[in-house]
Every structure is written in C-alpha cells, then in structure tokens.
Amino acid sequence: MATFQTLPGFREFYPEDLARRNHVFRSWRQTASRFGFSEYDAPVLEPLELYKAKSGDEIEGQLFSFTDKGGREVALRPEMTPTVCRLVGARANALKRPIKWFSIAEFFRYERMQKGRGRCFYQFNADIFGEPGCEAEIELIALLVQCLCAFGLTEQDFYVRLSDRNLWFYYLESLGLDEPRVRAMLSAVDRHEKYGDAAFEPYIKEFGPLDETVKSRVLGFLGVKSLAALEQVLASQPDSRLAARLADWRRVLEALDAMGLAGYVEVDLGVVRGLAYYTGFVFEAFDRKGDLRALAGGGRYDDLVQKLGGPALPAVGFAIGDMTFSLLLEQRGLMPKYIDAPDVYCVIGGANERRAAYREIHALRAAGFRVDYPLRETAFGKQFKAAAESGAKLALIFGSDEVARGAAKIRDLTQRTETEVPREQVVAHVRDFFSAG
RNA sequence: GCGGCCAUAGCUCAGUUGGUUAGAGCACAAGAUUGUGGAUCUUGGGGUCGCGGGUUCAAGUCCCGUUGGCCGCCCCA
C-alpha cells in the first residue's frame, strides 16, 4: 500500500484514463476550430482579488487560496471567465472582431466531492466578445450542441434549456417590482424547480407577503416552455422592451432551426442561473435521462469585462465540464475502446527476422503510422494474440520464409486475410490500406 | 460546513458466535506452444486486511479515534 495518497478530490490519469481524456479534448478542440474559435491559455494561479471582484468575498471559502512567499494573496483558478475577461479587456482595441476564443483548462474548487464533481476538473470554455446581437448566442449554442454531437450523442441524449434573464427582469419590472425585489425573485425562480413554492420564502422574509397576482404571474412565466407560450403571455403585457426581446428570441430559435438544431433546444424560463452577472440569454445542457448534473452552462455577461477593469465589452460564453460529460459518454457506450491503438502490429520470427523487420518498422513510423512490436522474442501465437488485443488493424509478419524471399506478409486483422508483398513495397501497401479507409 | 453508508490483492468481492499459515474470479507473468487470433489447462508473482489505539488467551471480524471513498444537504462560477 502506498504511503502517500493523492489529495482528496484530485485525480490521477493512468494511460487508459489519459487516452479517454485526450479523446474528448481532441474532439472539442477540432469542433471549436471548425467554428472559427481560437485557442488561448493563461495562468493556473491568479490573484485572489480577481475572483473576489467578480463573485464577492464569500467565494474565498470555495477556493484553493493561500499567501505566496511574496505575501501575495493568490488562488488556483476556479473558472476561466475572469481570466479571459482580463485577457480580452487588456487588448480589446487591438483584437479583430468578432473575438471568438476557446480554451481547455484545469480548474480547482475547494468543495465536497460528489458524482460528477471533484476538486479538480477540466472545462472547455468558449466565449464571444464584442458582439451585442444575439448572433453570438446562436453561434455559441450551435457550438455547444456540436461539441456533444461530435461524440455520437443525439437529441435523444441531451438538450439545451434556453432562458433569458433580461426577459425576466423586464417582465418583473412591468409587474411593479423594483430592482432588489427583482433580484430576490430571480433567485426564487432559480430554486423553484427544486423547492416548489418554498423557494419564495427568502423573498417573503425580506420583502413581506407576496402579492397573489404577482405570484401567479411569476408561476405562469416560469412555466413557459415554448415560443408560442411566451408570445401568448407577453401579448397581455404591452412593453416595448419585452417586444424587442421577443424579436431576439425569434431570431435565435429560427437560426437554430435553420441549422437543424431545433430538436436540441427547449425554451424554458424556469432556468435563470443563480449567477448575478448574467445579463441576457442563459442556457444549460442536460442529460435527457436526468440522472446527471448539468453538462454545460453559459449565457451573456455584458457588464463583466468592464467590472473587472476593462472597457465596456459585451460577451457571451459557456463551459462544458469533463467529469459529467465523460460519465454520460460511458453510460451511453460512446467512449471508444481503442483510442491509442497502433495501426500496425509486427509479428517477428527470430533474431534474424527482427534485424530485417527494424527497417520497415522505422520506415512505417517515419511515414506517419503508429507501429508496435514485441521487444522480446515471443512465440507466434502470443504475438498474434498481442496484435489482436492491441486493436491494430494490420499485422505485419516477418517470418523466416518471408524474410528469405525479401518479403513480408500483411494481415488484415479484421478480415483475417493475408497478402505477401516485397519488403520495399510495405510502406506503400500500408498507406493504400489506410487511405482506402 | 452537516448527515448516512463503506474500507480485505491492480479491479470486483468472499471470509462462519472472534480461533491454525487470509481466499476466489478478473487482470498481470511463465509454460503447454519453433508460423496465425481476445480460447483452454498448468504454474507463478502479488496483502502491514486504510491507519492508530483499545478489549481479548486470540481481532480481517468487536469498541473508539483518524484518514480516505461513495451518496445526499449547503453550494455549484
């Protein structure tokens, strides 16, 4: 038994685990790149103040924070948003618009562990800066959906719930609530799904009994699950700001429908996300079966860049966490078995054949193929077994007969067929095999 | 920060009212096997029974503490 343990909530990645992680990251990276997003990275350790400025002093309890040897208060990053706001804010005037950035990075939160949540985790973050129009939301929601679909997940597996804090704000103001009451009410709306009417208790405690008309209006609004229902509720509420928001909603939903993504997106005003800094559309992705925590979440945060010391710059972003997402892939059987499989596994007779095989092994590797072979002399039966277990598509056989003829056999391990080719043609044959798919 | 359950081999677990030298399957390794597939058989390596203390003639087993894990609450950027 090892004397030292990993710190609670931290993870170690043995090769198989890292292969799975890399598989996920590779796909996210490729998808983001196809959507025209550029990758960035930044320090893991940041001034504690960066997070306090965004989230308030209470946040410190959830951080890995300490004082460094220079007396600086620092924290391991618990999220990317403040960091990316600083990066963008610092060069806002020099960056080409639109600013479409993404990152894949590790984060740390001092929290109790639970299913799908640890003290360290990775997130894919994607953000668009400088675009006030809802085309930014369209682009990001499409990216979010494709980041999940790229693994074979479908609309049977997950969906994105779309809501709008602006709409809520305007609606509650039209009901006569002032800003402190609106904020308290949004908090109640956020908790209503879980606690029912008990979610209003904090509001009642702070502001007194809840007007029944207001309550029924809020419950009605909270139950809106479609554009048609939204239009109907707002029809009785003439307000120019609400009408403008409704036009944005139509644009977003029409665009996503045009992309063929309508089946992934559901209007759901019951989602508001607790975070006070969101200023417009907010969205969260969930497992359809619903036994996992949220897969991803995001929204518009138009004031945050300025609040963190940058220029006024509208922004929208979302993040996907690796833990819940990997759980979902495993549950759906979508995590491939062979990720690090070689293309070619060599079967080698004896010392003489090994000397001959080295040339082709290296030539294939130099040509870009993943090639493996046994380091020690091993019985043929075992080598074929090892070849099959490795997940290789081809076995390259160097027996004494073949080597004597200046040839090698290429065995298709799936079809169980073999062809003998002159050794100088091995690379070309392997290339043909893989380019033919 | 709070509550419930749990801890025996790399993994999944068995282990009798407390009783001799702690077991199985899987995995790993060697052989059967000197040229063709995830098989079979044989054999092998692997354990401070999480850690510390207590009760006892005797503790993997009972008690206390501690550390870690799972699940839930709070929180979830």
Side-chain angles (χ1 to χ4, degrees), chain A residues 1-12 14-17 46 50-56 58-63 75-85 107-119 121 123 125 127 187 190-191 194-195 273-278 282 284 291 293-299 301 304 308 317-319 321 323-324 337-338 341 345-353 376-392 394-404 408-418 420:
Chain A
M1 203 56 66
T3 309
F4 297 107
Q5 300 181 322
T6 50
L7 260 13
F10 282 73
R11 295 184 285 172
E12 292 171 309
Y14 282 79
E16 285 176 24
D17 307 316
E46 291 277 14
L50 181 63
Y51 304 112
K52 284 188 174 176
K54 183 203 162 209
S55 307
E58 325 77 63
I59 195 67
E60 189 170 353
Q62 320 264 0
L63 299 178
L76 289 170
R77 62 185 173 198
E79 58 167 327
M80 195 54 110
T81 306
T83 300
V84 72
C85 283
F107 300 94
F108 304 87
R109 296 178 187 176
Y110 202 88
E111 291 187 291
R112 196 78 181 158
M113 289 188 59
Q114 265 174 58
K115 188 178 184 185
R117 189 172 82 176
R119 286 181 169 182
F121 56 93
Q123 275 186 350
N125 274 261
D127 296 271
S187 166
D190 186 44
R191 303 165 76 85
K194 205 165 182 181
Y195 299 101
R273 292 180 69 79
L275 303 322
Y277 67 84
Y278 282 119
V282 290
E284 294 190 320
D291 51 348
R293 48 180 66 239
L295 292 160
Y301 50 99
L304 197 54
L308 292 173
F318 73 85
M323 293 183 78
T324 300
K337 187 178 176 195
Y338 296 112
Y345 192 94
C346 296
V347 174
I348 300 166
N352 203 33
E353 290 74 33
R376 291 189 308 190
E377 202 166 311
T378 313
F380 263 63
K382 286 225 165 143
Q383 295 193 57
F384 279 102
K385 188 175 165 182
E389 285 176 345
S390 76
L394 295 181
L396 189 56
I397 305 164
F398 294 91
S400 54
D401 299 348
E402 291 87 348
V403 170
K409 273 193 187 128
I410 297 176
R411 182 175 176 85
D412 183 328
L413 289 166
T414 311
Q415 303 296 319
R416 297 180 178 238
T417 55
E418 272 177 21
E420 184 166 314

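Here the structure is a predicted model, which is why all the values come from computation and not from measurement. Below, read A as the first sequence line, B as the second, and so on, with proteins coming before strands; counting in each chain starts at 1.
- Of the C1' atoms belonging to B:U43 and B:C5, the separation is 41 Å, rounded to the nearest Å.
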Under 3.5 Å, which protein N or O atoms sit close to an N or O of nucleotides 36-46 of chain B? Give each pair with its distance.
unit_1 : atom_1 : unit_2   : atom_2 : d
B:U36  : O2     : A:Arg411 : NE     : 3.4
B:U36  : O2     : A:Arg411 : NH1    : 3.1
B:U36  : O2     : A:Glu418 : OE2    : 3.0
B:U36  : N3     : A:Glu418 : OE2    : 2.5
B:U36  : O4     : A:Glu418 : OE1    : 3.4
B:G37  : N7     : A:Arg411 : NE     : 3.4
B:G37  : N7     : A:Arg411 : NH2    : 3.0
B:G37  : O6     : A:Arg411 : NE     : 2.6
B:G37  : O6     : A:Arg411 : NH2    : 3.0
B:G37  : N1     : A:Leu413 : O      : 2.6
B:G37  : N2     : A:Leu413 : O      : 3.2
B:G38  : O6     : A:Tyr338 : OH     : 3.3
B:G38  : N1     : A:Tyr338 : OH     : 2.3
B:G38  : N1     : A:Ala388 : O      : 3.3
B:G38  : N2     : A:Tyr338 : OH     : 3.0
B:G38  : N2     : A:Glu389 : O      : 3.4
B:A39  : OP2    : A:Lys385 : NZ     : 3.2

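- The closest side-chain heavy-atom distance from A:Arg293 to A:Lys115 is not below 4.5 Å.
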Q.
What does the 5'-to-3' dot-bracket notation of RNA chain B look like when only Watson-Crick and G-U wobble pairs under 3.5 Å count, and pairs to other strands show as |?
A. (((((((..((((.....[...)))).(((((.......))))).....(((((..]....))))))))))))....

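- A:Tyr338 pairs by the ring-ring contact (aromatic ring centres under 6.0 Å, His included) definition with nothing, not counting sequence neighbours.
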Polar atoms only, N or O, under 3.5 Å: list the protein pairs with nucleotides 67-71 of chain B and their distances.
unit_1 : atom_1 : unit_2   : atom_2 : d
B:G69  : OP1    : A:Gly9   : N      : 3.1
B:C71  : OP2    : A:Lys115 : N      : 3.0

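- The C1' atoms of B:G69 and B:C11 are separated by 15 Å, rounded to the nearest whole Å.
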I'd like a table of donor-acceptor pairs (distance under 3.5 Å, sequence neighbours excluded) in which one partner is a side-chain atom from residues 397-404 of chain A, with atom names and distances.
unit_1   : atom_1 : unit_2   : atom_2 : d
A:Glu402 : OE1    : A:Gly399 : N      : 3.2
A:Glu402 : OE2    : A:Lys409 : NZ     : 3.1

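- For the C1' atoms, the distance linking B:U56 with B:U61 amounts to 13 Å, nearest Å.
- Look at the P atom in both B:G15 and B:G60: the space between them is 16 Å, to the nearest Å.
- You won't find any donor-acceptor pair under 3.5 Å spanning the side chain of A:Arg109 and the base of B:C76, going by distance alone.
- Comparing the same atom, P, in B:C49 and in B:G23 gives a spacing of 13 Å after rounding to whole Å.
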Identify every side-chain donor-acceptor pair in residues 378-390 of chain A under 3.5 Å, counting partners at least two apart or on other chains, and give the distances.
unit_1   : atom_1 : unit_2   : atom_2 : d
A:Thr378 : OG1    : A:Arg376 : O      : 2.7
A:Gln383 : OE1    : A:Ile348 : N      : 2.7
A:Gln383 : NE2    : A:Ile348 : O      : 2.7
A:Gln383 : NE2    : A:Thr378 : O      : 2.8
A:Ser390 : OG     : A:Ala387 : O      : 2.7
A:Ser390 : OG     : A:Ala392 : N      : 3.1

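- Nucleotides B:A58 and B:U17 place their C1' atoms 15 Å apart, quoted to the nearest Å.
- Residue A:Arg117 places no side-chain N or O under 4.0 Å from the OP1 or OP2 atom of B:C73.
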